[in-house]
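Notes to accompany the following structure.
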Amino acid sequence: MAKNSGHWSQGLLASMNDAAAVVDADDRVVIIKDKYPKALFHFLVLPRQKIPNLKSVTKNDLSLLEHIQKKGEEIAHRANSELKFRFGYHAVPSMSHLHMHVISQDFNSPCLKTKKHWNSFTTEYFVDSKDVIRQIKVKGQFSTDTQRMNELLKSDLRCHVCGKCFATIPSLKAHIVMHDVTKLKDS
DNA sequence: GTTCTAGAAC
DNA sequence: GTTCTAGAAC
């Protein structure tokens, strides 16, 4: 076993080979359930090709990125066609191996516990797949302001539906369950 | 990425 | 006294 292969940041590689985690796969991608889902439905779409992160993506990978998004939209619709979903990448991911999040916008999950969790899915730290693809098309590569992104994670807790601010995670969570996320579809 | 927990915040 | 957050993890 190579050094570091068992490190927590390599966990997605193990999950890709875990039959219990995999929900779908084809010749180019594997789709797994997030081990600690931050919403009712939370999947990760990973390319079989070993791409560490967005920084190593080039124009040669555009069709793969589009395939990843298409497969994500499919699994979301199959999981629940009523809920609003978002499809995108963390600007500064913790886990190695490129992965696109497919996450329903209820954020109703006991695994969502911290300000970092919340802000990583509701601020610009979450980059829509469409915007990643657009940037690769225009600039040929993905770039991000890491320092600014890490500051965004410390932003005040703000409801992603109505914009109201909250002092604590529990008060925010009590608030967001009152929004009917099925009504947000296509908004 | 999570777990654990000290001490801040209430 | 309890809730909640934030930083270390060798």
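Naming convention: chains lettered A, B, ... in sequence-line order (proteins, then strands); numbering from 1 in each chain.
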- Task: Quickly work out the A:His117 NE2 to C:dC4 C1' distance and round it to whole Å.
- Result: 15 Å
- Message: Donor-acceptor pair, distance only, cut-off 3.5 Å: does the side chain of A:His7 make one with the backbone of A:Ser9?
- Response: yes
- Task: For A:Ser9, answer base if it contacts any base atom (sugar-phosphate contacts may also be present), sugar-phosphate if it contacts only those atoms, and nothing otherwise; contact means non-hydrogen atoms under 4.0 Å.
- Result: nothing
- Do A:Glu82 and A:Thr182 have side-chain atoms, one donor and one acceptor, less than 3.5 Å apart? no
- Message: Side chains of A:His67 and A:Asp26: any donor to acceptor distance under 3.5 Å?
- Response: yes
- Task: Could you state the atom-to-atom distance from CG of A:Asp18 to P of B:dG1 in whole Å?
- Result: 19 Å
- Query: For A:Leu112 and B:dT2, what is the distance between atoms CG and P respectively, to the nearest whole Å?
  - Reply: 10 Å
- Item | Trace of the salt bridge (charged side-chain N to carboxylate O under 4.0 Å, His left out) decision for A:Lys71 with A:Glu74 | CA-CA 5 Å; A:Lys71 293 296 286 186; A:Glu74 280 176 16; 3.6 Å; yes
- Query: Which whole-number value in Å describes the distance from A:Leu172 CG to C:dT3 C1'?
  - Reply: 16 Å
- Message: Whether the A:Arg134 and A:Ser129 side chains hold a donor-acceptor pair (N or O, under 3.5 Å, no angle test) is what I'd like checked.
- Response: no
- Over how many whole Å does the gap from A:Lys173 atom NZ to C:dT3 atom P extend? 16 Å
- Result of checking A:Phe121, A:Trp118, A:Phe126 against A:His160 for ring pair (Phe, Tyr, Trp, His ring centres under 6.0 Å): A:Trp118
- Output yes when at least one side-chain N/O atom of A:Lys116 is less than 4.0 Å from OP1 or OP2 of B:dG1, else no. yes
- Item | For DNA chain B, the residues among residues 30-56 of chain A that have a non-hydrogen atom under 4.0 Å from it | A:Tyr36, A:Lys38
- In whole angstrom, what separates A:Lys113's NZ from B:dT5's P? 14 Å
- Calculate the interatomic distance between A:Asn119 atom CG and B:dG1 atom P; express it in whole Å. 12 Å
- Query: Looking only at side-chain N and O atoms, does A:His7 come under 4.0 Å of OP1 or OP2 in B:dG1?
  - Reply: no
